Amino acid sequence: MTIDPVNFAAILAMGVLTYFTRILGFLIADRLPKSGPVRVALDALPPAVLVAVVAPIVMSGPIEAVAGLVVLVLALRLPLIATVVAGVAVAALLRLAFI
Amino acid sequence: MTTRLADFRAGLVAVFPTVAAAVPFALILGQQATAKGLTPAEMLAMSSIVFAGSSQLIAVGLWSTPAPVAALALMAFLVNLRHALMGASLSGKIAHFGRLRWVAAFLLTDEAWALSERRALDRPISRTFYFTVALTLFVCWQIASVLGTVFGAYLEHPETYGLDFTFPAIFIALALGFWKSVRRTGPVLVASAVVAVAVHAVVPGAWYVIAGAIAGITAAVVTAPREAPAADQAAGDATP
């Protein structure tokens with residue numbers, strides 16, 4: 001149960017810079033306008049970030065693509081937890097069958 | 001009081017699937033950390049001070065002795081830069097938190113942010129809702145990543161069970177919650193997805209998230225209907 005000082009320095013440096021990324025958005029958002037193109041951009045930000053995070057994962061292979069498509073269709077009808085369980089099950093079954 | 005209790009329950013219900021996704025991830029993280037010679041105490045320090053899953057997993061991958069401090073710090077900054085985008089979007093919606101905003105920022109994760117933005121579509125985000133979601137994730141993250149350093153060896157191939165697909169499944173479902181119309185949201189999703197995949201294939205690191213997000217919001221601005229202040233010039237346009 002020991003902590004190496006160099007390891008701790010690395011952890012602390014990572015933590016400080018990560019916290020900076022977390023408050024950076026708050027700091028700049030307070031100076032941003034409430035309407036106009038910048039507002040349109042901010043409103044589009046959540047779906048844009050979500051899709052940017054997910055798209056490469058889903059496109060990383062045929063099984064992921066199929067499972068992603070299943071989730072996309074199911075999400076329109078089922079609640080979140082059911083959609084996720086179904087998506088995970090499809091991914092697991094496809095891997096069982098093809099890998 | 002009833003509202004607070006209702007928000008607490010809504011927070012727990014909302015966070016449950018993301019906890020189910022984060023726990024296997026944290027177990028793998030702990031197991032990888034042990035393999036790199038990190039102690040359970042160091043794992044706990046990292047999980048509680050950094051508290052950012054992807055960057056922690058990449059950090060453990062990069063770890064060596066002595067620790068490459070500058071490289072690890074820069075990597076964490078780049079991987080987590082997406083928080084700035086999330087914070088900018090969330091800022092106005094939690095302005096009523098007051099000074100607690102700075103605590104809320106420390107607990108900001110992809111999951112807490114996505115669930116809060118989804119919540120904000122229907123009603124204001126209360127402190128109770130946000131901190132129920134964020135603190136539940138925080139506590140579970142600590143426990144699971146430390147347990148991973150102890151038991152991780154038994155969970156070597158979680159992808160066999162499709163568990164790694166939990167995270168993308170949640171994000172796809174949440175992204176659809178922001179759907180407004182083909183004209184408004186379609187270009188955002190297409191531009192973001194195409195650019196993210198292309199940049200991911202070509203540029204190493206986490207730049208694809210930033211690039212995809214910028215492409216998405218650019219598409220939104222370019223395709224947005226003209227607003228009232230520009231009406232003088234747009235008066236002759238046929239578009240309503």
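Since the structure is predicted, the reported quantities are computational estimates derived from the model, not experimental observations.
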Chain A contact via B:Trp113 - which portion, at a heavy-atom distance below 4.5 Å: side chain

Contact leader toward chain A among B:Ser192, B:Ala198, B:Ala196, where contacts are heavy-atom pairs under 4.5 Å: B:Ser192

Atom group of B:Ile214 that falls short of 4.5 Å from chain A, counting heavy atoms: neither

B:Arg184 portion near chain A, given a 4.5 angstrom heavy-atom threshold: neither

Residue-level contacts of residues 10-20 of chain B with chain A, using a heavy-atom cutoff under 4.5 Å: B:Phe16, B:Pro17

Aromatic plane relationship, B:Phe106 with A:Tyr19 - under 30° parallel, 30 to 60° tilted, over 60° perpendicular: tilted

Segment of B:Leu44 engaging chain A (4.5 angstrom heavy-atom cut-off): neither

Best-contacting candidate, B:Ala84, B:Gly216, B:Ala45, against chain A by heavy atom pairs under 4.5 angstrom: B:Ala84

Passing candidate, side-chain contact (heavy atoms from CB on, under 4.5 Å) with A:Met14, options B:Leu72, B:Asn80, B:Ile49: B:Leu72

Top of B:Leu38, B:Val188, B:Thr218, B:Leu85 for chain A proximity - count of heavy-atom pairs under 4.5 angstrom: B:Leu85

Under 3.5 Å donor-acceptor, A:Thr21 side chain and B:Leu81 backbone: no

Proximity breakdown for B:Glu117 and chain A, heavy-atom pairs closer than 4.5 Å: side chain

